[in-house]
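Notes follow the structure.
The first residue of the sequence shown is numbered 1, and numbering continues consecutively from there. Everything quoted here is computed from the prediction, not taken from an experiment.
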Amino acid sequence: MKIFSSEQIRAIDEFTIKYETVSSAELMERAAGQLYKWITGRFGRTDRIIIFTGPGNNGGDGLALARMLVSNRYNVEIYYLNFTENRSKDWEMNLKR
């Protein structure tokens, strides 16, 4: 597994959005979908899954992941770390979903 800095991730996201003509919301769904596949391949529905999310796009990934898991009857707890009032539009969209 490769670990990237936030600046590297931002650049990768911008590149993907530009050259694959995918929206940032769709990219968020892709990321959450890959995490969902990884988690469901390793954990059962009775396992406790805890997700911590902030107000940015990574937090939006966490919200999308939680939605996917809950809709498939996984035992999910989600905690929002409110350290700023600034929230990304995609985070807001996933909160509403």
Distance, nearest 0.5 Å, that separates CG of D13 from OG of S6: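 Interatomic distance, D13 CG to S6 OG, rounded to 0.5 Å: 11.0 Å.
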To check you understand the geometry: which heavy-atom pair defines the closest contact between [X] and [Y], and what is its length?
X   : Y   : answer
I78 : G62 : CD1-O, 4.1 Å
A66 : V76 : CB-CG1, 4.2 Å
I17 : V22 : CG2-O, 3.2 Å

With hydrophobic residues grouped by side-chain heavy-atom distances under 4.5 Å, do W38 and I9 end up in a single group?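 No; tracing contacts between hydrophobic side chains, which count when under 4.5 Å, never links both residues.
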Hydrophobic cluster identity match, L63 and M28, side-chain contacts under 4.5 Å: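 No, no single cluster joins them.
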For Y80, all residues meeting ring-ring contact (aromatic ring centres under 6.0 Å, His included), sequence neighbours excluded: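 With sequence neighbours excluded, Y80 shows a ring-ring contact (aromatic ring centres under 6.0 Å, His included) to W91, given in chain and number order.
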With sequence neighbours excluded, what pairs up with R45 under the salt bridge (charged side-chain N to carboxylate O under 4.0 Å, His left out) test?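 Testing R45 for salt bridge (charged side-chain N to carboxylate O under 4.0 Å, His left out), a comparison that skips the adjacent residues, returns none.
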Residues that R30 engages under salt bridge (charged side-chain N to carboxylate O under 4.0 Å, His left out), provided they are two or more places apart: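 Once residues adjacent in sequence are excluded, the partners of R30 under the salt bridge (charged side-chain N to carboxylate O under 4.0 Å, His left out) criterion are E20.
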Is there a side-chain contact (heavy atoms from CB on, under 4.5 Å) between I49 and I51 once you walk through the steps? CA-CA 7 Å; I49 299 170; I51 299 172; 4.3 Å; yes
Checking E26 side chain against S23 main chain: does a donor-acceptor pair fall under 3.5 Å?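 The answer is yes, because a donor-acceptor pair under 3.5 Å joins these two groups.
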Please check if the side chain of R97 supplies one atom and the backbone of M93 the other of a donor-acceptor pair under 3.5 Å.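 Checked: no pair found.
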Decide side-chain contact (heavy atoms from CB on, under 4.5 Å) for L81 and T53; before the verdict, give the C-alpha distance in whole Å, the side-chain angles of both, and the deciding distance to 0.1 Å. CA-CA 6 Å; L81 305 173; T53 179; over 6 Å; no
Checking E14 now: which residues fulfil side chain to side chain donor-acceptor pair (under 3.5 Å) with it, not counting sequence neighbours?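 E14: no side chain to side chain donor-acceptor pair (under 3.5 Å) contacts found.
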Can you sort out the partners of T40 under side chain to side chain donor-acceptor pair (under 3.5 Å), two or more places apart, ordered by chain and number?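 Testing T40 for side chain to side chain donor-acceptor pair (under 3.5 Å), a comparison that skips the adjacent residues, returns none.
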Scan for side chain to side chain donor-acceptor pair (under 3.5 Å) pairs involving residues 67-78, sequence neighbours excluded, and state none if there are none.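 Listed once each, the pairs are E29-R67, Y36-N72, R48-E77, R67-N94, E77-Y79.
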